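The chain is numbered in sequence order, starting from 1. Computed from a predicted structure; not experimentally measured. When reading the values below, keep in mind they use all heavy atoms of this one structure, side chains included, and skip hydrogens, waters and symmetry mates.
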Amino acid sequence: MSGSTARNQAVSAVTNYKPISAPLNFAQTPISSFFGANVFSQAVMEERLPKAVFKSLKRTIERGEKLDVAVADAVANAMKAWAIEKGATHYAHVFYPLTGITAEKHDSFLSPDGKGGAITEFSGKQLIQGEPDASSFPSGGIRATFEARGYTAWDVTSPAYILENPNGTVLVIPTAFVSWTGEALDKKTPLLRSMQALNKQAQRVLKLFGHEDPGFVFATAGPEQEYFLIDRNFYFARPDLTICGRTLFGAKPPKGQEFEDQYFGAIPERVLACMLEAERELFKLGVPVKTRHNEVAPSQYEIAPVYENANIAADHQQLVMITLSRVAAKYGLACLLHEKPFAGINGSGKHLNWSLGTAKANLLEPGDTPHENAQFLVFCAAVIRAVHKYSKLLRITISHSGNDHRLGANEAPPAIISAYLGEQLTDIFEQIEKGKLKASKAKGFMNVGVDTLPALPKDAGDRNRTSPFAFTGNKFEFRAVGSSQSINGPLVALNTMVAESLDFVATELEKATKGDPKKLNDAVQKLLQAILKDHKAIIFNGDNYTAAWHKEAEKRGLPNYKNTIEALPHLLDKDVVELLAKYHVLSERETHSRYEIYTERYCKDINTEAMLCQSVAKRMILPAAYRYQGELAGAASAINAAGKKSDTSALDHVTGLVGELEKAVAGLDKALGHKAEGDVLAHAKHYRDEVVPAMLAIRKVTDELEAVIADDLWPLPTYQEMLFIK
């Protein structure tokens with residue numbers, strides 16, 4: 001067996017893998033019996049709460065009415081009893097700080113009774129509010145170290161649930177996280193604010209169309225999660241993967257994804273077993289995961305849910321990432337959520353399907369005759385206007401160091417934000433612009449040419465996999481979101497942008513109709529024409545990868561922020577700050593804090609990668625190269641000593657590469673040692689312009705060395721091993 005000792009041991013462990021847990025008895029328990037079994041759902045609340053309390057909560061959940069805190073004690077008692085029946089000893093307020101990951105603080109139900117025993121307690125006050133340390137989370141200057149107080153606040157619209165552990169269970173309560181001053185320190189609070197703003201403006205539009213009581217209008221979301229699974233033995237033998245989540249080194253293997261045989265291929269047995277258990281755990285938590293399949297790259301997979309209320313979908317998405325990682329470990333696998341864990345093959349995204357509607361209707365459902373559906377056309381036009389007017393805000397929300405590696409190729413959209421509408425909608429809007437709206441391109445049937453196969457229903461338009469923001473039937477798919485990131489930021493942007501656009505639409509229609517419904521059709525026609533005239537530049541149905549589109553986008557005035565540090569400063573643009581403040585989503589101070597946090601996070605990410613790159617190059621790769629150089633030199637000396645003239649071309653080549661690597665390492669040392677002057681943006685630019693190129697210079701040489709150094713000396717598991725040995 002070739003390869004270094006560490007690699008040999010990893011390969012041996014993978015090929016001799018045996019399951020570490022007993023298989024699930026999937027036949028004994030039907031899926032319907034345990035879906036949502038660990039959720040304090042509306043059905044559970046209705047069964048356990050007094051009628052008046054349940055009705056009050058239901059109005060808050062379904063209609064957005066203000067929470068009546070007087071019901072908290074009754075809810076807390078019922079929730080505690082339910083949780084203890086399920087084995088819970090603790091409760092946890094779970095929240096989503098600006099780190100982008102899930103945070104939780106656990107407290108016991110037990111309290112001493114003063115007689116040597118204990119009682120279980122859980123009050124309404126404990127349910128409504130917790131107090132984690134606010135100074136230990138990113139705040140962007142909102143909280144200083146000596147200003148520690150922060151609060152978690154119960155989010156009644158996202159149901160509590162039971163988190164199972166081999167040694168017990170915990171009652172988990174989704175919460176918002178704010179400072180003592182009431183400012184948002186998390187990702188949930190702005191999302192809830194944005195959904196409130198969206199509802200308020202959508203209600204105005206619906207009222208114009210004759211809806212007196214349509215119900216709460218909420219955003220819906222369904223994020224498709226892409227991820228890689230590799231064996232944990234390889235994972236722990238790669239310091240770059242364990243610390244940075246991606247490979248900083250790795251030569252292109254003989255086979256990548258060019259055969260196109262991975263996509264929707266048969267799922268490997270161990271991987272499928274892992275998926276089945278992960279899905280089972282997610283079903284218990286009420287997460288409506290629907291599909292699973294092999295993705296394009298080797299060892300890449302996808303899981304996707306049915307879309308649901310955006311706030312709940314965001315909480316569920318965090319659970320999906322946690323559950324995938326936890327369950328993968330049980331099967332000896334590591335779940336990689338980074339946007340680009342392996343160079344040269346597809347990265348991973350989190351395609352965010354977004355729509356808006358009520359409990360009864362999807363407001364972006366075109367129907368069979370969309371040209372006659374004025375309400376749909378108004379809401380769709382409002383989205384188009386929003387995406388054009390605030391495309392830079394959408395771009396900002398997906399800006400982080402990981403996504404810089406992904407955007408622009410391999411089915412990931414480019415950094416230029418555009419909207420794909422498809423043939424049917426594009427044709428309708430072109431007719432509207434010309435003032436002659438008559439018909440819609442009809443759906444049809446496709447004859448496959450095989451008598452035994454049925455005629456297949458055919459959509460009115462094709463799909464576009466290169467578009468960052470594409471209409472896909474009754475929703476928009478924002479394809480630029482990174483696989484590791486929270487979807488809250490993109491949702492906040494979409495909701496707020498569209499709220500502003502609906503505000504504009506409602507105001508214009510209210511002025512034009514002056515309360516007379518008979519004037520609505522003419523007013524809608526004129527409004528749609530005006531919106532298309534001003535905002536059709538955002539619509540593009542072609543190939544977003546071509547150089548021609550990049551030139552065309554520039555002519556259209558569409559921004560092209562090619563990396564994180566080009567995009568993030570625009571978060572402080574006047575129109576962005578004013579938008580978020582106007583709809584009470586983020587104050588100016590809260591927006592500034594996020595700019596500081598995300599820019600600093602970029603610096604931290606690159607600094608960590610650079611230090612790891614420096615360490616591995618010096619302590620693992622250079623020593624391997626020196627040893628091989630020594631072996632070649634020894635072989636040449638032996639040949640010369642035997643009276644033969646040795647061919648030193650291999651030695652010369654390796655010696656040249658070693659010299660290049662030593663020079664590249666010195667370059668990274670210098671880049672890391674330099675102290676950038678100025679604010680956080682100056683530091684970030686230094687990392688982008690000096691440190692990142694220095695890392696790439698090291699990688700270029702090390703990948704060349706990997707291709708020539710003797711296999712038994714190479715210290716790191718290779719792409720070939722990690723991606724194809726399962």
Can you give me every donor-acceptor pair (side chain of residues 484-491, partner residue at least two apart or in another chain, under 3.5 Å) with its distance?
| from | atom 1 | to | atom 2 | distance (Å) |
| --- | --- | --- | --- | --- |
| Ser484 | OG | Glu339 | OE1 | 3.2 |
| Ser484 | OG | Glu339 | OE2 | 2.8 |
| Gln485 | OE1 | Gly482 | N | 2.9 |
| Gln485 | NE2 | Thr397 | O | 3.0 |
| Ser486 | OG | Asn488 | N | 3.0 |
| Ser486 | OG | Asn488 | OD1 | 2.8 |
| Asn488 | ND2 | Lys187 | O | 3.1 |

Any donor-acceptor N or O pair under 3.5 Å, side chains [X], [Y]:
X	Y	value
Glu224	Asn353	yes
Glu477	Thr472	no
Asn346	Gln257	yes

Problem - Main-chain N/O of Ile398 paired with Asn403 side-chain donor or acceptor, under 3.5 Å - result: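 Side chain of Asn403 to backbone of Ile398: a pair is present.
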Exercise for the section: Give a yes or no answer on whether the side chain of Arg238 reaches the backbone of Thr247 with a donor-acceptor pair at less than 3.5 Å. Expected result: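 No, Arg238 side chain to Thr247 backbone: no donor-acceptor pair under 3.5 Å.
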Exercise for the section: Report the relative orientation of the aromatic rings in Tyr227 and Tyr301; use parallel for angles under 30°, tilted for 30 to 60°, perpendicular for over 60°. Expected result: tilted
Exercise for the section: Hey, can you tell me if His338 and His405 have their rings parallel, tilted or perpendicular (30° and 60° cut-offs)? Expected result: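 Tilted: the ring planes of His338 and His405 meet at 30° to 60°.
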Practice task
Identify, with sequence neighbours excluded, every residue that meets salt bridge (charged side-chain N to carboxylate O under 4.0 Å, His left out) alongside Glu704.
Solution key: Lys700
Handout entry: Test salt bridge (charged side-chain N to carboxylate O under 4.0 Å, His left out) applied to Glu164 - qualifying residues, sequence neighbours left out
Key =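 With neighbours one apart ignored, the set is Lys284.
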Exercise for the section: Please list, chain by chain and in numerical order, all residues satisfying ring-ring contact (aromatic ring centres under 6.0 Å, His included) with Phe264, sequence neighbours excluded. Expected result: His293
Exercise for the section: Sorted by first residue and then second, give each salt bridge (Lys or Arg N to Asp or Glu O under 4.0 Å) pair with at least one member in residues 307-329; sequence neighbours left out. Expected result: Lys188-Asp315
Compile the donor-acceptor pairs under 3.5 Å between side chains in residues 684-696 and protein atoms, sequence neighbours left out, one pair per line.
| from | atom 1 | to | atom 2 | distance (Å) |
| --- | --- | --- | --- | --- |
| His686 | NE2 | Ala671 | O | 2.8 |
| Tyr687 | OH | Asn607 | OD1 | 3.1 |
| Arg688 | NH1 | Asn563 | OD1 | 3.4 |

